[in-house]
Number of protein chains: 2
Amino acid sequence: MDIMAQSFPRKLALAEPLATIEEPDFELIELLFFAYRDFVGEPDRLLEKHGFGRAHHRVLHFVNRHEGLTVAELLEILEITKQSLARVLKDLVSGEFIEQRAGTEDRRQRRLHLTPRGKALAEALLGMQGRRIARAIEKADPASRAVIARFLSELIDPERPKPAVSETP
Amino acid sequence: MDIMAQSFPRKLALAEPLATIEEPDFELIELLFFAYRDFVGEPDRLLEKHGFGRAHHRVLHFVNRHEGLTVAELLEILEITKQSLARVLKDLVSGEFIEQRAGTEDRRQRRLHLTPRGKALAEALLGMQGRRIARAIEKADPASRAVIARFLSELIDPERPKPAVSETP
DNA sequence: AAATTATGTCAATGTTGTTGACATATTTCA
DNA sequence: TGAAATATGTCAACAACATTGACATAATTT
């Protein structure tokens with residue numbers, strides 16, 4: 001029996017004609033699990049060569065995407081505690097992947113920037129995930145991307161405010 | 001600046017007309033991250049009440065889906081080590097969520113079954129994820145589901161053989 | 001001057017993963 | 001039948017990544 005090759009009825013008609021109970025979509029639930037695992041698995045193997053883990057990846061990614069963001073902003077995005085970030089950030093700073101510069105307006109802030117080394121690693125990781133996505137999407141028609149993006153957006157808790165990220169001053 | 005509300009050029013034309021470099025699809029990459037986090041976050045909060053974590057969830061899920069599967073099969077699906085599973089399985093067995101029955105053909109095997117308690121928890125977790133998926137998909141047209149399933153399937157490493165799961169004898 | 005804010009750091013703890021070694025029961029094979 | 005292979009369990013040690021709570025420092029705001 002092939003674990004993935006099953007199809008399931010997703011609606012179950014009941015005695016009460018008004019109620020329609022949705023049967024959980026096992027296939028999509030499991031696909032999300034397996035897809036996400038492989039999606040992060042490939043980067044994991046590159047990170048390992050630097051002695052880094054997934055937490056380092058996330059920091060590199062969001063510093064790359066939002067150069068100069070503050071520590072507080074990064075904590076908000078990642079939804080982790082200061083201490084969890086501290087360990088990872090220390091590795092990245094001491095390994096010269098990230099540098100901290102005091103904010104110009106508010107000098108208490110430590111704004112985070114990638115060094116060339118950090119940029120290179122961040123881009124390598126990004127490339128892996130980007131190529132995987134591109135491969136997965138290129139066979140489908142162009143409208144698919146919007147459908148997928150919409151679906152993934154809807155999976156996100158609506159009450160979760162999208163964290164604001166400051167402009168680099 | 002809203003972290004999610006950006007759009008990116010996903011193709012970058014180069015000087016060489018033959019080469020088209022795909023710019024990584026930042027938006028989908030980040031959507032996968034945030035979507036997966038919330039997708040597992042809601043179950044996490046229920047599991048916490050039992051003192052369980054995500055590892056317990058995965059075991060409950062796959063035992064629910066494949067009643068009577070063996071320990072070896074579960075290890076293959078989860079791609080974790082025996083010891084990682086052992087701790088989690090011990091919690092679930094001692095808490096009477098899962099019971100182990102010696103295989104009828106091969107009595108070395110410990111085939112895993114949910115107790116009523118285990119079934120109830122597994123179904124509760126499944127319901128959460130099922131409803132989240134249903135909510136995310138119901139606004140889109142029916143063809144979307146196939147597009148999404150296809151996309152997620154393509155994200156999975158092709159060389160990964162789908163683990164075979166034995167029939168309950 | 002006092003309160004608040006941004007960040008850093010310390011200590012303790014928990015969950016989930018790893019490896020390697022070894023034990024036991026059972027089945028299969030020569 | 002006896003040896004080898006298999007399925008599982010268990011032990012010890014370790015690592016990554018998360019948590020909480022408390023406290024320290026520097027800078028900004030009130």
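Numbers restart at 1 for each chain; the letters A, B, ... are given by sequence-line order, proteins then strands.
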Checklist line | B/Glu99-B/His113 side chain donor-acceptor pair, cut-off 3.5 Å | finding: no

Next item on the list: Ignoring hydrogens and angles, state whether a donor on the side chain of A/His61 or B/Glu30 is under 3.5 Å from an acceptor on the partner side chain.
Entry: yes

Next item on the list: Shoot me the first and last contacting nucleotide of DNA chain C against chain A, ordered 5' to 3', at under 4.0 angstrom to non-hydrogen atoms.
Entry: C/dT5 to C/dA11

Between [atom2] on [N] and [atom1] on [X], what's the gap in Å once rounded to a whole number?
X        : N      : atom1 : atom2 : value
B/Lys82  : D/dC11 : NZ    : P     : 13 Å
B/Leu89  : D/dT8  : CG    : C1'   : 11 Å
A/His50  : D/dA16 : NE2   : P     : 15 Å
B/Arg54  : D/dT19 : CZ    : C1'   : 14 Å
A/Arg110 : D/dT25 : CZ    : P     : 14 Å
A/Leu74  : D/dC17 : CG    : C1'   : 15 Å
A/Gln109 : D/dT29 : CD    : P     : 10 Å
A/Arg58  : D/dC17 : CZ    : P     : 8 Å

Which is true for [X] with a 4.0 Å heavy-atom rule: it touches a base, it touches only sugar-phosphate, or it touches nothing?
X       : answer
A/His56 : sugar-phosphate
B/Arg87 : base
B/Glu48 : nothing

Check: Do A/Arg132's NZ or CZ and the ring of A/Phe39 fall within the cation-pi criteria of under 6.0 Å and 45°?
Finding: no

Checklist line | Atom of B/Asp38, atom of A/Leu155 and distance for their closest heavy-atom approach | finding: CB-O, 3.8 Å

Checklist line | Smallest separation among heavy atoms of A/Ala35 and B/Leu152, with atom names | finding: CB-O, 3.5 Å

Notebook entry, point to check: Within less than 4.0 Å of OP1 or OP2 of D/dC17, is there a side-chain N or O belonging to A/Ser84?
Noted result: no

Checklist line | Check: A/His56 ring centroid to A/Phe97 ring centroid under 6.0 Å | finding: no

Check: Looking at B/Leu85, B/Val88, B/Leu78, which hits side-chain contact (heavy atoms from CB on, under 4.5 Å) with B/Arg58?
Finding: B/Leu78

Note to self: Quick test of your reading of the model: are A/Lys49 and A/Asp44 salt-bridged, counting only N-O distances below 4.0 Å?
What the structure shows: no

Note to self: Taking the axis from the first five pairs and the axis from the last five, what angle separates them in the helix from C/dA1-D/dT30 to C/dA30-D/dT1, rounded to 10 degrees?
What the structure shows: 20°

Next item on the list: By nearest nucleotide on DNA chain D, pick out whichever of A/Ile80 and B/Arg108 is the more 5' one.
Entry: B/Arg108

Notebook entry, point to check: Does any N or O in the side chain of A/Glu67 come within less than 3.5 Å of the main-chain N or O of A/Leu114, such that one atom is a donor and the other an acceptor?
Noted result: yes

Item checked: Nearest-0.5 Å distance that lies between atom CD in B/Gln129 and atom CZ in A/Phe33 -> 10.5 Å

Item checked: 5'-most by nearest nucleotide on DNA chain C - A/Ala86 or A/Asp106 -> A/Asp106

Next item on the list: Identify which nucleotide among D/dT28, D/dA7, D/dT8 has an atom closest to any side-chain atom of A/Arg107, counting heavy atoms from C-beta outward.
Entry: D/dT28

